[in-house]
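Structure first, then comments.
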Amino acid sequence: MNGCAKLDGVERDGVRPDGVEQDPGGSDRAGSDGAGSDRAVSTCMKSDAGSGTMLGVVLIMGVAVCLTALTLVGNALVVSAQARSAADMAALAAAGAYQAGEKEPCRAAVDNAAKVDATVLECRIVDEDALVSVLRRLLLTSLPPVEQRSRAGPEFCDELRQ
């Protein structure tokens, strides 16, 4: 025990806990110098000095780390949704271009994806459907990018009736 937990010699209003009054000069009426109790109090207070500051710094750092992690997770969710939308848009553009008879329908997919800062990884026309895979980077570039796939094409009327 460091002596700070028990402050038996602390004076309050000029009277020590043992009932001996201390005069303003610092010595008590019983004849002792009274300096021992003052030293114990000042040593105890010095050993606790700054502990609240350190606790505050640790709490602020913890909150900062949590907010940073929350920002990165939020960014991943937003980028994933944006990549999904970019893939849908690109697939619809490619399918529309194919239906219009264009020679390179995947060019429309690449152009549409570029408008929303996405990169087309793969574009294929299977039957009359456009299959598109799109890549989008996160805020923190050291993390892997988000990839989303989409499919678009005509739906024939006799398939709708079933």
Could you tell me which residues satisfy side chain to side chain contact (heavy atoms under 4.5 Å, CB included) with Leu131, sequence neighbours excluded, listed by chain and number?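 With neighbours one apart ignored, the set is Arg124, Val126, Arg151.
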Only counting residues at least two apart or in another chain, list the ones meeting side chain to side chain contact (heavy atoms under 4.5 Å, CB included) with Val110.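 Here the qualifying residues are Arg107, Val120.
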Under the salt bridge (charged side-chain N to carboxylate O under 4.0 Å, His left out) definition, can you give me all pairs with a residue in residues 83-104, not counting sequence neighbours?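 Residue pairs with at least one partner in residues 83-104: there are none.
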Any salt bridge (charged side-chain N to carboxylate O under 4.0 Å, His left out) pairs touching residues 135-147, not counting sequence neighbours?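 Sorted pair list: Glu147-Arg149.
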Can you run down the side chain to side chain donor-acceptor pair (under 3.5 Å) pairs that involve residues 57-66, sequence neighbours left out, and say none if there aren't any?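 Qualifying pairs, neighbours excluded: none.
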I'd like to check the side chain to side chain donor-acceptor pair (under 3.5 Å) partners of Thr71; sequence neighbours left out, ordered by chain and number.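 Residues passing side chain to side chain donor-acceptor pair (under 3.5 Å) with Thr71: none at all.
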Let me confirm one number: the [atom1]-[atom2] distance from [X] to [Y], rounded to the nearest 0.5 Å.
X	Y	atom1	atom2	value
Leu67	Ile60	CG	CD1	11.5 Å
Gln82	Asn75	CD	CG	8.0 Å
Gln148	Ser80	CD	OG	4.5 Å
Leu72	Leu139	CG	CG	7.0 Å

Search all heavy atoms of [X] against all heavy atoms of [Y] and return the closest pair with its distance.
X	Y	value
Ala97	Ala108	CB-CB, 4.0 Å
Tyr98	Asp127	OH-O, 3.7 Å
Ala91	Val132	CA-CG2, 3.6 Å
Ala95	Ala130	N-CB, 3.7 Å
Ala86	Ala118	CB-CB, 3.9 Å

Quick check: is Val79 connected to Val116 through a chain of hydrophobic side chains (ILVMFWY, heavy atoms under 4.5 Å apart)?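 No.
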Side chain Asn112, main chain Ala93, donor-acceptor under 3.5 Å: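 No; zero donor-acceptor contacts below 3.5 Å.
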Under a 4.5 Å cut-off applied to non-hydrogen side-chain atoms, are [X] and [Y] in contact?
X	Y	answer
Leu59	Val63	no
Asp129	Pro154	yes
Val146	Leu138	yes

